[in-house]
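Since the structure comes first, as structure tokens, the remarks are kept for the end.
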Amino acid sequence: MKITDAVSLGQAIRRRRKELHYTQEQLAEYTGFSASFISDLERGKETAQLGKAIFLANLLGLDILVNKR
């Protein structure tokens with residue numbers, strides 16, 4: 001999936017979380033992030049902190065790649 005904005009990143013994270021059968025609450029407990037942060041991130045809220053978003057993606061086994069167009 002090509003990540004082009006906050007919404008597509010959130011969709012990728014939500015899809016992977018569901019593939020792994022984690023709830024937002026379980027992920028919040030494991031990471032120490034709030035469930036509301038995870039919800040905001042998955043909905044593409046642009047104020048979500050990038051560092052936390054990248055950490056969460058990596059934790060779920062997702063790589064974020066940057067390529068020249």
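These numbers come from the heavy atoms of this one structure, side chains and all, not from hydrogens, waters or symmetry mates. Positions are given from 1, in the same order as the sequence printed here.
For residues 27-37, the side-chain hydrogen bond (donor to acceptor under 3.5 Å, both in side chains) pairs, not counting sequence neighbours, are Ser34-Ser36.
Across all non-hydrogen atoms, the minimal contact from Ala35 to Ala28 is N-CB, 3.6 Å.
Atom CG of Leu27 sits about 4.0 Å away from atom CD1 of Ile38, to the nearest 0.5 Å.
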Which pairs of donor and acceptor atoms, one on a side chain in residues 50-65, lie under 3.5 Å apart (sequence neighbours left out)?
residue : atom : partner : partner atom : Å
Asn58   : ND2  : Ile54   : O            : 3.0

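With sequence neighbours left out, Glu42 forms a side-chain hydrogen bond (donor to acceptor under 3.5 Å, both in side chains) with Arg14, Arg17, Gln24. Residues that satisfy the side-chain hydrogen bond (donor to acceptor under 3.5 Å, both in side chains) test with Glu25, not counting sequence neighbours, are absent from this structure. Take Lys18 and apply the salt bridge (charged side-chain N to carboxylate O under 4.0 Å, His left out) test, not counting sequence neighbours, and it matches no residue. In this structure, Arg15 has no salt bridge (charged side-chain N to carboxylate O under 4.0 Å, His left out) partners at least two apart in sequence or on a different chain. Scored by the salt bridge (charged side-chain N to carboxylate O under 4.0 Å, His left out) test, Glu46 finds no partners at all (sequence neighbours excluded).
With hydrophobic clusters built from ILVMFWY side chains whose heavy atoms lie under 4.5 angstrom apart, Phe37 does not share a cluster with Val7.
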